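To start, the structure itself, in structure tokens.
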Amino acid sequence: MEAHQHSPDSSSEECTVLEAPPGKNACPQHAGKVADLYCSACKCALCEDCLPDHAEHPKVALSQALEQHRNKLQERLGAVQDRLPQISDVLSFVKEILQQLTNQRASIEEDIQSSFEDLHKQLDVRKSVLLMELEVTYGLKQKVLQAQIDSLLRGEGDITATCTQAEEALAGEPCVASLQVERELWERLGELAGLGLPCQPEENDQLDLVMETDGLRKSIHNLGTIVTTSAVASQSEAMGAGLEQCIVGHPASVTIVTRDKSGGACKSGNAILSAEVFTPDGSIVDGEIVDHKNGTYEFVYTVPKEGDFSLALRLYDQHIKGSPFKLTVTKTLEAELDVSPSTTTATNSAANATPSTGSSEGAKRRGKSPGQKKKGSKRASSALGTPRRKTQNPIEDDLIFRIGTKGRNKGEFTNLQGVAASSNGRILIADSNNQCVQIFTNEGEFKSRFGVRGRSPGQLQRPTGVAVHPSGDIIIADYDNKWVSIFSCEGKFKAKLGSGRLMGPKGVSVDQNGHVIVVDNKACTVFIFQLTGKLITKFGSRGNGDKQFAGPHFAAVNKNNEIIVTDFHNHSVKVFTLEGELVLKFGSNGEGNGQFNAPTGVAVDINGNIIVADWGNSRIQVFDGSGSFLSYINTSADPLYGPQGLALTSDGHVVVADSGNHCFKVYRYLQ
């Protein structure tokens, strides 16, 4: 039989079933069949042979289903691609954290090496001193004993020689010729018999070493601690009534619980936490953060006026859960009964019902002129050396100029804190939230700025204090980095000091020996360092005693080389020797002459008068060197709002950081 063959391009009328090209809408269940429907219930393509098994299922055209799936895929792709910028930002941020961690590790390693090298040097010096002391002590005792031996040997020699001569004379025949010799020997023996020789030891053999090493070994065993925590902002949370509302002038508190990445509660403290209460216009009210050392923290703050505020809580510069919080501040009960603010404050001060917790910004008291509301506003001309104008109020309109607004550009500030003035006519401002220092002339002309935000040496993380060393170097208290940075006058980083010792340096100053005075706000301690970083001494602790502090802020040095410290929460100013002995204390809580509501900045004029920024009362007071009130500087023309740092310029004016108004002001001041 002959086989019937078809050419490749021929068609057969007998073949009536449509076969699908391979891979093109082919039914996955029936080979060679074309799928033209889609089962929505089973989510699969259907051909005509599949229909009996899906008779009761909802179906749509395959083309429609494919288009819908394609649209969903495109939508999902877009959503995932939208995450890429976020991931890129997070990646950059985490890399930055890793870099800062690496830099911090290198910095700590350097500190450890430096500290132990210094200890080695001190041990070597002490060893040399002990060896030298041993030699000197031995030499003195040896000299006494050797002199006694020499004396005894000489006596022994004389006696032996004379006795030998006497024995020889007695052995011979007595005669006239020997009579004279024997007489001389008799006299000599008489002298030797009465010879005073040191027959008792004139020294002893004691040379002992007392080396109390047990305590030292224990101290060395526990020397230094690497401090860290696993807390992350995204898991940490806050609680307490102070999150939502508080009463004007009354302390409010918030509890912060730190947690790790898995949500587990952290059990140790020392996390870097910051908290701010701020108004819509940018005015900031800081408070005090108390570390309970168990992973929880308490933020205590006082708001000076009513209104709507925001409370920002940040852990390692990132907002914790829910931050920033909306905060409503209402009037006190006394205010609702139409009691004046001044009467309320005076009553609270007299009763001492609730100590002010304070903050690092001010309470605005617009419309008040401290120089007009109280008696005693005249300065004694004998105390200041130069009489003022002969008017009823001798301090009229002392403001010369103000510089700054809220912002991040040059000549703009956000929460400015410390102020310093150099001998070459420069004003330096620690611009805390802008992480920089800005420099101006005495006339207010902007000259330069420097500072980069970060946690590595040479970077700044909330600079709060600034001072100028006689060498021209600029010294900056870096609150959040917990060290003091030293820059050249051109703003180039040179060194840091106090790392590992300081907890929250707020103010810095320089004494007449060129030593750096650091006021540690958190540790409530004053440290004195050499410019090399070597600690000379420290004094102070937390409390309300004469030699204790409660949130000290700034310091100045008078002509006697004594340290003047503003004790913020104790509402006083204290004067100490370089050894930490209290010389003078003045001030109490209130609004009267010589009283304070949390003093901050301080300076001393050439006559020894003390100028103090009174933060809560938003004014500047002047005292003589013994702490007696002299006067106010009139600020009524443009009221202060929480003054912070304060200094005397080289041309004799007072410059103050008006933190709440985001500017600094320069006032006339006749010395």
Side-chain angles (χ1 to χ4, degrees), residues 111-170 181-224 497 500-501 511-515 525-540 547 560-562 576-583:
D111 289 341
I112 292 173
Q113 295 286 359
S114 175
S115 297
F116 278 86
E117 285 174 5
D118 185 55
L119 287 174
H120 278 300
K121 289 178 182 178
Q122 292 187 38
L123 286 172
D124 288 340
V125 168
R126 184 57 185 162
K127 181 177 75 172
S128 298
V129 168
L130 283 174
L131 290 173
M132 183 180 298
E133 185 179 342
L134 174 63
E135 287 304 310
V136 170
T137 304
Y138 168 79
L140 292 173
K141 296 171 77 73
Q142 183 267 346
K143 184 177 180 181
V144 171
L145 291 172
Q146 189 61 52
Q148 184 177 7
I149 290 172
D150 292 343
S151 176
L152 290 171
L153 287 174
R154 284 193 301 272
E156 183 185 38
D158 291 343
I159 292 173
T160 300
T162 305
C163 287
T164 300
Q165 292 175 4
E167 288 173 351
E168 291 175 352
L170 290 172
V181 174
E182 291 177 2
R183 183 180 295 278
E184 292 176 357
L185 286 173
W186 181 82
E187 292 177 354
R188 178 61 177 155
L189 288 171
E191 293 175 359
L192 292 174
L195 180 63
L197 292 174
C199 295
Q200 296 297 326
E202 296 182 345
E203 246 310 348
N204 58 61
D205 63 351
Q206 183 183 11
L207 265 182
D208 293 327
L209 173 65
V210 178
M211 186 78 77
E212 297 290 346
T213 59
D214 290 344
L216 179 61
R217 291 177 190 276
K218 185 177 180 180
S219 296
I220 292 175
H221 180 74
N222 298 316
L223 181 62
L497 57 86
R501 298 182 186 272
D511 70 9
Q512 295 172 12
N513 302 317
H515 297 151
T525 303
V526 174
F527 292 81
I528 304 178
F529 294 93
Q530 290 181 355
L531 201 59
T532 59
K534 180 180 179 181
L535 177 65
I536 298 174
T537 189
K538 64 178 182 177
F539 59 87
K547 295 184 180 180
N560 297 326
N561 213 22
E562 295 166 337
F576 297 88
T577 65
L578 294 179
E579 292 74 32
E581 294 300 320
L582 182 71
V583 176

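Source: prediction; values computed, not measured.
- Applying the side-chain hydrogen bond (donor to acceptor under 3.5 Å, both in side chains) test to every pair with at least one member in residues 152-167, sequence neighbours left out, gives no pairs at all.
- Residue Ser151 comes nearest to Leu197 through the heavy atom pair O-CD2, 4.0 Å, listed as atom of the first residue, atom of the second, then distance.
- Put simply, CG on Leu195 and CG on Leu189 are 12.0 Å apart, with the number rounded to the nearest 0.5 Å.
- The two atoms that bring Met211 and Leu130 nearest to each other are CE-CD1, 4.0 Å, heavy atoms only.
- Here Leu123 pairs with nothing under the side-chain contact (heavy atoms from CB on, under 4.5 Å) rule; sequence neighbours left out.
- Across every non-hydrogen atom of Asn561 and Gln512, the tightest pair is OD1-N, 2.9 Å.
- Within the structure, salt bridge (Lys or Arg N to Asp or Glu O under 4.0 Å) pairs that include any residue of residues 214-224 do not occur (at least two apart or interchain).
- Taken to the nearest 0.5 Å, the CZ atom of Phe527 stands 13.0 Å off from the CD1 atom of Ile536.
- Applying the side-chain hydrogen bond (donor to acceptor under 3.5 Å, both in side chains) rule to Asp150 yields the partners Gln146; only residues at least two apart in sequence or on another chain are considered.
- Once rounded to the nearest 0.5 Å, the distance linking CD of Gln200 with CD of Gln148 reads 8.5 Å.
- For Glu562, the side-chain hydrogen bond (donor to acceptor under 3.5 Å, both in side chains) partners are Asn558, not counting sequence neighbours.
- Take Gln122 and apply the side-chain hydrogen bond (donor to acceptor under 3.5 Å, both in side chains) test, not counting sequence neighbours, and it matches Asp118.
- Ala161 pairs by the side-chain contact (heavy atoms from CB on, under 4.5 Å) definition with nothing, not counting sequence neighbours.
- The CZ atom of Arg188 sits 9.0 Å away from the CD1 atom of Ile159 when rounded to the nearest 0.5 Å.
- Within a 6.0 Å sphere centred on CD of Glu191, heavy atoms belonging to other residues, nucleotides or ligands number more than 12.
- Pairs passing the side-chain hydrogen bond (donor to acceptor under 3.5 Å, both in side chains) check and including a residue from residues 132-145, sequence neighbours excluded, read Lys141-Glu203, Lys141-Asn204.
- Within the 3.5 Å criterion, the main-chain N or O of His515 finds no donor-acceptor partner in the side chain of Asn513.
- Side chain of Glu182 to backbone of Leu170: no donor-acceptor contact under 3.5 angstrom is found.
- Nearest heavy atoms, Ala169 versus Leu185: CB-CD1, 3.9 Å.
- To the nearest 0.5 Å, atom CG of residue Leu131 and atom CZ of residue Arg126 are 10.5 Å apart.
- Every residue two or more places apart in sequence or in another chain that forms a ring pair (Phe, Tyr, Trp, His ring centres under 6.0 Å) with Phe576 is listed here: Phe539, Phe549.
- Counting heavy atoms from C-beta on, the side chains of Ile220 and Leu119 never come closer than 4.5 Å.
- For Thr577, the side-chain contact (heavy atoms from CB on, under 4.5 Å) partners at least two apart in sequence or on another chain are Glu579, Glu581, Val583.
- Atom NZ of Lys538 and atom CD1 of Ile528 lie 12.5 Å apart (nearest 0.5 Å).
- Listed by chain and number, the residues in a side-chain contact (heavy atoms from CB on, under 4.5 Å) with Ser219 amount to none (sequence neighbours excluded).
- When the side-chain hydrogen bond (donor to acceptor under 3.5 Å, both in side chains) test is applied to Arg501, no partner is found at least two apart in sequence or on another chain.
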